[in-house]
Amino acid sequence: MTGNILVIGALGQVGSELVENLRFKYGESNVVAADIKEEGTGGIYEKLDILDKDALRVIVDTYAIKNIFNLVALLSATAEKHVDYAWQLSMDGHFNVLNLAKDGIIEKIFWPSSIAVFGPTTPKHNTPQDTVMDPNTVYGIAKQAGERWNEYYFNRYGVDVRSIRYPGLIGWKSLPGGGTTDYAVDIFHQAKKTNSYECFLHADATLPMMMMEDAVRATMDIMEAPVNQIKVRSSYNLAADSFSPAQLAEEIKSQKEGFTISYAPDERDAIASSWPQSIDDTNAREDWGWKHTYGTKELVTEMLAHI
Ligand code: SER
């Protein structure tokens with residue numbers, strides 16, 4: 001990446017770890033963090049509502065921004081409670097950034113998609129890059145629409161927007177909020193506190209999951225890849241390992257004696273059941289050299305060591 005970097009949604013689960021890594025690689029003064037909250041957590045920080053396109057433009061001009069990572073969204077479960085706002089935030093926010101590139105003001109965009117773009121009639125195992133997509137959450141519908149706009153802006157206006165369909169993301173440095181895959185982070189905090197966990201998904205709700213380090217590396221790698229290696233312009237499937245709550249609990253138990261799990265599925269369980277159980281990410285591996293490093297066992301070891 002050449003030129004300065006702006007991360008919007010910088011205080012979220014992905015943003016907080018991404019900003020740290022970007023600053024380490026590209027230098028403190030070249031990475032601006034922005035989020036809707038009043039205060040940041042150190043380094044250059046700007047309060048920004050992504051729906052305010054004039055305010056966005058001021059930040060882009062002030063810091064001569066050339067690359068934007070737009071991580072703004074309400075996650076799947078929260079979005080169901082604020083349908084209109086979730087849609088507006090995802091779509092209008094995305095357009096505000098896409099249009100800066102269309103107008104030649106910035107050069108490159110990263111925008112995350114999700115396994116939530118898939119739905120109940122999508123093949124559940126080894127879900128292909130190109131397949132049936134019938135998302136039935138507002139979060140998933142917005143991600144699918146966003147993917148279509150990525151491809152449209154690339155084909156029609158030559159906008160260099162790059163995207164990954166994140167699986168459930170797990171890390172110890174930051175907390176998720178309002179997602180369906182959050183249980184897989186929360187479980188470690190509760191394991192530490194009480195050595196037990198009540199899970200809001202059913203025991204066999206298998207989902208694709210990934211350690212945050214891997215996800216952040218993928219995010220930086222796809223942005224660094226030579227332009228001719230980016231052949232999918234909607235969003236790339238990306239995978240590490242898959243597990244169910246029962247399998248995760250077994251692995252925790254084997255590393256933390258006496259850990260117990262119980263189940264009280266709520267509305268998030270229906271969302272989980274509509275998503276794939278495993279993902280075929282051959283395109284990402286072949287096109288720009290994606291490789292994961294954490295399997296379930298390593299992930300559990302890392303989480304237990306740090307929380
Ligand atoms: N992790 C997200 C969620 O659970 C999916 O992208 O909402």
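Small disclaimer: the values here were computed from a predicted structure and weren't measured. Order of appearance sets the numbers: ligands from 1, and atoms from 1 within every ligand. Residue numbers start at 1 and run along the sequence shown.
Among protein heavy atoms, atom 5 (C) of ligand 1 sits closest to S114 OG, 3.4 Å. Among protein heavy atoms, atom 7 (O) of ligand 1 sits closest to S76 OG, 2.6 Å. With hydrogens left out, the protein atom closest to atom 1 (N) of ligand 1 is T181 OG1, 2.8 Å, a heavy atom.
The L75 neighbourhood of ligand 1 comprises atoms 7 (O), with distances under 4.0 Å to a heavy atom of that residue. The atoms of ligand 1 that sit less than 4.0 Å from any heavy atom of T180 are 3 (C), 4 (O), 7 (O).
Contacts of W275 with ligand 1, taken as heavy-atom pairs under 4.0 Å, involve the side chain alone.
The two residues I44 and S29 have their closest heavy-atom pair at CD1-O, 3.7 Å. The two residues N70 and V72 come nearest to each other via the heavy atoms OD1-N, 3.1 Å.
Taking the six-membered ring for Trp and the full ring otherwise, the centers of W149 and H94 sit at least 6.0 Å from each other.
Residues satisfying the ring-ring contact (aromatic ring centres under 6.0 Å, His included) criterion with Y236, sequence neighbours excluded, are W288.
Note on R217 versus D214: salt bridge recorded, some NZ/NE/NH1/NH2 to OD/OE distance being below 4.0 Å.
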